[in-house]
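So that the names make sense, note that chain A is the first sequence line, chain B the second, and so on, each numbered from 1. A quick note: this is a predicted structure, and the numbers were derived from the prediction, not measured.
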Amino acid sequence: MAAREVIVQRAVKEVQDGMNINLGIGMPTLVADALPEGVDVLLQSENGMLGIGPYPVEGTEDADLINAGKETITAAKGASYFDSATSFSMIRGGHIDLAILGGMEVSERGDLANWMIPGKMVKGMGGAMDLVVGAKRVIVIMEHVNKHGESKVKKTCTLPLTGQQVISRLITDLAVFDFTPEGMVLIELLDGHTLEEVTEKTEASFQNGLNKGEAKSRF
Amino acid sequence: MAAREVIVQRAVKEVQDGMNINLGIGMPTLVADALPEGVDVLLQSENGMLGIGPYPVEGTEDADLINAGKETITAAKGASYFDSATSFSMIRGGHIDLAILGGMEVSERGDLANWMIPGKMVKGMGGAMDLVVGAKRVIVIMEHVNKHGESKVKKTCTLPLTGQQVISRLITDLAVFDFTPEGMVLIELLDGHTLEEVTEKTEASFQNGLNKGEAKSRF
Amino acid sequence: MDKVKQSFEEIVKQIPDGASIAVGGFGLSGIPEKLILALVKQGTKDLTIYSNNCGVDDWGLGLLLKEKQIKKIVASYVGENKTFEQQFLNGEIEVELTPQGTLAERLRAGGSGIPAFYTAAGAGTPIAEGKEVRNFDGTDYLLEQGIIADFAFVKGYQADRYGNIVYRHTAQNFNPLCAMAGKVTIAEVEEIVELGTLAPDAIHTPAVFVQHVLKGTDYEKRIEKRTVRSKGGEA
Amino acid sequence: MDKVKQSFEEIVKQIPDGASIAVGGFGLSGIPEKLILALVKQGTKDLTIYSNNCGVDDWGLGLLLKEKQIKKIVASYVGENKTFEQQFLNGEIEVELTPQGTLAERLRAGGSGIPAFYTAAGAGTPIAEGKEVRNFDGTDYLLEQGIIADFAFVKGYQADRYGNIVYRHTAQNFNPLCAMAGKVTIAEVEEIVELGTLAPDAIHTPAVFVQHVLKGTDYEKRIEKRTVRSKGGEA
């Protein structure tokens with residue numbers, strides 16, 4: 001499987017029936033399509049919607065119905081629309097069970113950087129800074145190394161932060177880590193990757209929790 | 001005319017077409033009934049309504065449709081309902097053009113006391129403290145003296161305050177005063193009362209602005 | 001996802017002595033009658049209640065007062081209730097009076113992840129005592145704290161099984177704000193409708209704020225001040 | 001009380017150079033197309049804009065950018081706009097990036113008489129620089145200020161002559177908040193309906209927040225990212 005597919009397939013296992021979920025722009029959006037039939041969740045969009053449905057059938061796109069990525073969408077049964085302040089009341093107020101977000105860098109403390117590359121054009125953080133402090137559980141999904149083969153899982157983020165100590169779990173194409181009061185813990189190897197490979201490709205220090213059952217998340 | 005009727009008749013002159021108005025419980029509520037035909041205003045109720053209509057025809061009372069005084073009411077055409085936080089966004093945010101409130105005491109600085117008598121049972125301030133700081137214009141209507149003949153228009157309020165320097169205009173059964181950067185100014189005598197009588201029955205110091213045209217309100 | 005529960009008696013079993021509850025309603029309008037009655041029956045004690053009012057002697061939160069189940073109440077107006085007066089004078093109940101707009105905003109803030117905000121309401125008055133005062137642009141404001149309650153009781157008109165709620169007229173009042181402020185929000189409604197029936201553009205409380213939904217029957221919906229005009233005449 | 005005006009050209013005449021404007025919309029959805037076009041035509045300069053985004057190169061607020069009418073923008077995401085990039089790199093425009101939820105809340109707060117509030121969004125990040133940090137219950141929060149704008153531009157679906165507005169679907173977004181934050185709020189809508197037509201329980205922006213209402217015609221309502229699934233198939 002391609003790296004992104006491995007990540008998305010693993011991420012989808014985090015979704016439980018009945019959850020209210022916010023999916024970030026890009027790879028996290030793909031999680032929606034990968035949800036198994038019959039899993040009943042409400043997908044939230046920062047601009048002001050709960051209950052995102054599938055993309056519209058061609059020809060039925062509606063400019064008044066878009067998600068936070070500005071893509072045309074549909075409404076699922078039981079959906080609601082509201083203003084953006086109410087939307088972030090949900091997000092900041094801890095009413096969103098799970099946020100799955102992309103990352104540029106993650107630190108061993110659970111810091112996330114995913115909004116800005118110094119020297120490049122400033123685009124803005126959108127809702128990411130609110131999501132990381134507000135959602136009950138923040139899962140970051142990203143490829144383990146960048147295109148130069150350098151680890152994106154760092155001792156300390158070199159890029160400007162989106163939030164400090166905000167990540168519950170990190171899912172890469174190689175492994176899954178939890179962030180606990182005792183530090184970062186490896187809890188799973190993905191797709192046949194080995195502990196040696198993960199250790200080599202990870203700048204961050206982490207504990208091996210592979211044989212200890214599920215690590216207890218800090219959050 | 002009875003004192004209350006004099007006050008209400010004078011207060012109604014403060015209402016201009018197109019205004020958004022909040023009327024306090026008790027005597028201020030009577031202003032609504034005294035509005036001339038054709039004056040098009042929106043009456044706001046703190047619990048969460050804009051566009052109060054007349055009392056319901058007997059037999060059509062609705063427990064789900066009450067004003068801030070808990071009286072059954074109706075909705076005027078163009079009314080809207082909203083939650084109490086939005087209601088006070090309107091009030092605190094300066095979107096209400098005029099609040100007409102009752103008073104127990106008013107000071108020459110424009111302080112208002114109208115919610116609590118020490119030693120008596122505490123009932124609570126309701127929305128009064130929000131209204132006095134938020135409405136664009138706060139007009140207090142009350143009888144000039146209490147039942148013992150003592151002035152309710154004070155140098156300093158003896159009762160606990162509802163708000164400090166919040167009143168734009170005071171209308172009593174004797175006179176009308178404005179609160180200006182230069183102090184309290186008498187601008188009208190009502191119903192045949194004389195300057196001498198008003199001076200005698202007013203503990204507060206005020207300037208005589210009777211022949212100076214309308215005083216400029218501080219607010 | 002089906003949040004509909006059947007028994008008021010069962011649903012309040014999760015509420016322990018000493019819990020805090022945000023209770024919707026204004027006066028007796030839009031109050032969660034059935035949940036209050038179930039809590040009276042259960043006899044849960046030492047409650048902290050956030051509610052604009054405290055019912056009347058024999059209805060609404062007044063019933064919890066009568067049974068001395070309330071330890072503390074945060075409200076803006078409690079003047080309709082003689083039971084309250086007695087318990088207050090006897091020192092049996094603690095009361096924190098807060099301006100109505102401040103109470104509404106505190107509930108919304110707590111539910112919105114805002115720990116505190118500034119408001120001018122109450123500055124320079126007795127309720128400023130003990131509160132931080134801060135001047136912005138020449139005006140004094142008080143720092144007020146967001147409210148998060150262990151539970152919220154709200155009363156809606158219609159709901160679906162996801163927990164989307166619409167309220168009727170001024171029975172909306174504090175209900176959506178309490179729904180936001182509750183860690184566990186329990187909604188009672190007059191009607192449960194099929195999913196997809198409520199217009200998505202007109203939902204007052206989106207499902208995310210609600211954990212349990214129950215249908216109440218035989219609502220009393222008492223009126224405190226019945227004011228009418230005669231047919232064709234004046235009030 | 002009739003707030004309906006006829007001419008977009010006339011209504012923007014009250015907006016002077018240097019004015020601040022809160023502009024509704026998210027991306028290109030629910031943007032006040034006609035008011036922006038009228039302001040472009042008028043050539044008003046040195047504007048401060050509060051808006052979640054800044055349009056695209058050839059539509060929405062991007063048109064004001066292109067004509068260099070904007071001095072400063074407060075936004076959460078401006079990445080769709082190359083004109084912006086050039087002006088930013090040339091130092092021709094000032095930008096204040098603010099988290100999306102913080103921007104929404106700042107607009108609501110300003111319109112609600114709340115001068116400032118605390119939020120955890122951005123604590124420990126570059127945007128905390130220069131802001132007061134305060135710890136509540138072990139978490140750091142930033143003090144953020146309410147926004148009051150000289151004017152607000154909002155785009156509704158339907159309005160009545162009092163200025164009650166309903167929005168359609170996610171075109172609601174920042175519009176009700178901008179309506180609250182504007183000292184003078186100008187709403188453009190697709191349809192003006194008879195007073196009493198809009199359901200009082202389903203009005204998104206009550207009349208009190210709106211000063212002027214205009215009907216726009218021939219709305220373009222551009223779509224930024226057209227994502228579809230084939231009939232019966234997947235995306």
| task | Mark yes when over 12 heavy atoms from residues, nucleotides or ligands other than D:Glu132 sit less than 6.0 Å from its CD; otherwise mark no. | result | yes

| said: Nearest 0.5 Å, please: how far is CD in D:Glu194 from NZ in B:Lys77? | reply: 7.0 Å

| said: Is it the case that atom NZ in D:Lys5 sees more than 12 heavy atoms from other parts of the structure closer than 6.0 Å? | reply: yes

| note | Turns out that what part of B:Val41 lies under 4.5 Å from chain D's heavy atoms comes down to backbone

| said: Which one wins on heavy-atom pair count under 4.5 Å against chain D: B:Met49, B:Met90, B:Gln44, B:Met19? | reply: B:Met90

| field | Most contacts with chain B, counted as non-hydrogen pairs under 4.5 angstrom, among D:Ala202, D:Ala199, D:Gly196, D:Pro206 | value | D:Pro206

| Taking every non-hydrogen atom, the tightest pair across D:Ser112 and B:Arg92 | O-NE, 2.9 Å

| message | Can you confirm whether B:Lys123 is buried at NZ, in the sense that more than 12 heavy atoms of other residues, nucleotides or ligands lie under 6.0 Å from that atom? | response | no

| query | Looking at OG of B:Ser80 and CD1 of D:Ile165, how far apart are the two atoms once the value is rounded to the nearest 0.5 Å? | reply | 11.0 Å

| message | On a heavy-atom basis, which atom in D:Phe209 and which in B:Ser89 lie closest, and how many Å separate them? | response | CZ-CB, 4.5 Å

| task | Could you check which of D:Leu195, D:Ile203, D:Thr197 has the highest count of heavy-atom pairs closer than 4.5 Å to chain B? | result | D:Leu195

| message | Taking side chain as everything from C-beta outward and backbone as N, CA, C, O, which of these in B:Leu50 sits under 4.5 Å from a heavy atom of chain D? Side chain, backbone, both or neither. | response | side chain

| Using non-hydrogen atoms only, which part of B:Ala85 is less than 4.5 Å away from chain D: side chain, backbone, both, or neither? | both

| request: Report the distance from atom OG1 of B:Thr86 to atom CZ of D:Arg108, rounding to the nearest 0.5 Å. | output: 6.5 Å

| field | Heavy-atom contact with chain B under 4.5 Å, split by part of D:Asp201 | value | both

| note | Nearest heavy-atom contact between B:Leu42 and D:Ala207 is CD1-CB, 3.9 Å

